[in-house]
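Note that the numbering runs from 1 along the sequence shown for the chain. As the structure lists them, so they are numbered: ligands from 1, and atoms in each ligand from 1. The model shown is predicted, which means the values in this text are computed figures rather than measured ones.
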Amino acid sequence: MKIRDIQVGEIKIPLKKPFRTALREVYTIENAIVRIETDTGNVGYGEAAITPVITGDTMGSIKWAIMEHIRPSLIGMDIENIEEIMNRIDNSLVNNSSPKAAVDMAIYDLYGQLYNTTVYKLLGGYRNKITTDITVSVNDPEEMAQDSIDALERGYKTIKVKVGKDWKVDLLRLETIRKAVGNKVNIRIDANQGWTPKEAVRVMRMMEDKGLDIELVEQPVKAYDIEGLKYVTDNIDTPVMADESVFSPQDAVNIIINRAADLVNIKLMKTGGIHNAIKICNLAEIYEMECMLGCMMESKIGLTAACHLAGGKSIITKFDLDAPNLCAEDPVDGGAIYKESLIVLEDDLGFGFRKIGNIIYD
Ligand SMILES: C[C@H](N)C(=O)N[C@@H](CCC(=O)O)C(=O)O
Ligand SMILES: [Mg+2]
C-alpha cells in the first residue's frame, strides 16, 4: 500500500457556546484536514488544530508545512514502513507539531486498514470504552456554576474548570461551583498558564484550606517556566499537571527527572502525533507517572485518533477528550462513538471513518 497523494482541506464547525480559556476565545472550529490516498484506493484522514497561542500553528503554516515540506518526502512510501515514514515526518522540519500530527493520524488510519484491524488494537488493545470529562469555560462564577450543573445533568462525573484570569475571582469561581454541584462531581482545574508561581501557590492553598477538593491543577504557570512549575508542585498538596510545558518526549523527560510536575497531559497536537505520544507513554510508564490524554479544539477526526491511543495505553488514566461534545455539529460519519461522557471504539478498519462532510479543498 503506497502513498499516492496527500491533500489538505479545511473544515468549519460552530460551537454550542463560546470556548473561553485564559489564553483565548473560540466560536467556531476552523481546522485543517489531511487526506492521504494510496495506490490501493485506501484513504486515511487526520486533523491539525489551529491553536496559534499554544502551538504557534496557523492555517497557512499548517498547509505550507504539509504541502511543501512533509508531502514531498512521503509520496511513494509504503505504509508498512511506518517507522521510516514517521522519521521522515519528524525530520522534514522542526516544530510544526500540528501538521505533523495530522499526517501521522492519516498514516495510522491507513496502517490499520493495511492490517485489516482497528488502530487501538495495534496500539495495545487495552480498552474500547473511555469516559471523558467536559470543559467549563471561564466566565462569571454564576454562569460557570450553571454550566457545571448542566454537565452533571448530562451525566458527566468529572468537569474541567478553566481558570487563570484573576486568582481572586478564580477562587470565587471554584467556591461557587463546588457549592452548586456538591460532592457529586470530580473537579479538575486548568489555569492555561494564567498565574505567577506565587499566585498559584497562594490560590491553590486557599482552595485546599476551604476543602474545595480539586483533583488536579493543570498548567498553573507559563509554559517556559519549568522552575516556576516545580515551585508550585513542591509547595501545594494538589497534584500538578504539565500541559503546555510538555510538547515532545524530551520535554517529558525534563519534567519527569526534575520532578517539576506530578502528571502530564499528552495531546497529539503537541507531540506531532501518535508515534511520539507513545514515547511519552513509555517514559511515563517507566517512571510510574499517570497521564491524561487531552485535546485541542478538534473535530471527531482528530479526536478519533486520540481515542484510539487512549484505547491502547493503560498509563493513560485521565481523559479530556471532550471537543466533539462542545461542537454544534458533527460532520463525521463513523469513527469514535460519542455519547456525552462515554466514548466507544468499535472494531472498524483503521479509524473507521465512513464519510466526512464539509471539507473544502483548495
Ligand atoms: C478542549 C479541551 N478540553 C481543552 O481544554 N484543551 C486545551 C485548550 C485547547 C484550546 O485552546 O484549543 C487545554 O488547555 O487543555
Ligand atoms: Mg490544558
Side-chain angles (χ1 to χ4, degrees), residues 11 13 15-32 47-59 62 97-98 101 130-139 144 147-148 151 156 158-165 170 186-195 200 214-223 229 232 239-247 251 255 261-271 277 291-303 305-307 310 316 318-328 338 340-341 343:
I11 202 162
I13 308 173
L15 299 181
K16 287 177 187 159
K17 76 174 270 178
F19 175 79
R20 284 199 187 94
T21 74
L23 289 173
R24 68 187 196 130
E25 202 168 298
V26 184
Y27 295 85
T28 306
I29 289 179
E30 296 183 53
N31 287 349
E47 177 169 5
I50 311 302
T51 319
V53 290
I54 298 177
T55 60
D57 300 327
T58 63
M59 184 62 87
I62 288 168
S97 53
S98 315
I130 298 152
T131 306
T132 181
D133 62 13
I134 188 139
T135 305
V136 173
S137 283
V138 58
N139 283 302
M144 292 176 76
D147 288 346
S148 306
Y156 290 92
T158 299
I159 55 173
K160 165 156 152 167
V161 177
K162 292 290 186 182
V163 289
K165 284 281 207 192
D170 288 336
N186 178 38
I187 300 179
R188 50 183 67 146
I189 62 177
D190 186 356
N192 284 109
Q193 311 178 51
W195 297 325
I214 305 300
E215 179 203 7
L216 60 91
V217 54
E218 202 174 311
Q219 199 63 45
V221 301
K222 294 273 182 253
L229 190 64
V232 180
V240 174
M241 174 176 276
D243 180 4
E244 290 95 317
S245 291
V246 175
F247 272 51
D251 294 337
I255 292 286
D262 303 293
L263 300 154
V264 168
N265 183 351
I266 304 171
K267 291 180 190 158
L268 300 184
M269 290 303 133
K270 296 186 295 169
T271 59
C291 299
M292 175 187 275
L293 194 68
C295 62
M296 300 297 186
M297 292 305 288
E298 301 160 56
S299 78
K300 225 175 67 186
I301 302 171
L303 264 297
C307 289
I316 302 171
K318 299 176 191 299
F319 310 96
D320 175 36
L321 299 172
D322 60 340
N325 289 335
L326 307 176
C327 294
Y338 269 76
E340 292 288 4
S341 62
I343 306 168

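- Taking only non-hydrogen atoms, the option from D320, V53, L23 nearest to atom 4 (C) of ligand 1 is D320.
- Listed by atom number, the atoms of ligand 1 under 4.0 Å from K162 heavy atoms are 4 (C), 5 (O), 7 (C), 8 (C), 13 (C), 14 (O), 15 (O).
- Listing protein N, O or S atoms at distances below 2.8 Å from the Mg ion (ligand 2), with waters left out, gives D190 OD2, E218 OE2, D243 OD2.
- Within the structure, the closest approach of A323 to ligand 1 does not fall below 4.0 Å when heavy atoms are considered.
- Look at K267 and you'll find a heavy atom under 4.0 Å from some atom of ligand 1.
- With sequence neighbours left out, K318 forms a salt bridge (Lys or Arg N to Asp or Glu O under 4.0 Å) with E215.
- Looking at K160 and D190, a side-chain N of the basic residue comes within less than 4.0 Å of a carboxylate O on the acidic one, giving a salt bridge.
- Between D243 and K267 a salt bridge is recorded (basic side-chain N to carboxylate O distance below 4.0 Å).
- A side chain to side chain donor-acceptor pair (under 3.5 Å) with K162 is found for one member of N192, T135, T21 and no other, namely N192.
- Ranking the protein heavy atoms by distance from atom 6 (N) of ligand 1 puts C295 O, 2.8 Å first.
- Contact annotation: Q219 has no heavy atom less than 4.0 Å from any atom of ligand 1.
- Distances from atom 3 (N) of ligand 1 to the heavy atoms of N325, N192, T135 put T135 nearest.
- Salt-bridge annotation for K17 and D147: present, with a side-chain N of the basic residue lying under 4.0 Å from a carboxylate O of the acidic one.
- For ligand 1, the polar-atom distance check against D322 finds a nitrogen or oxygen pair separated by under 3.5 Å.
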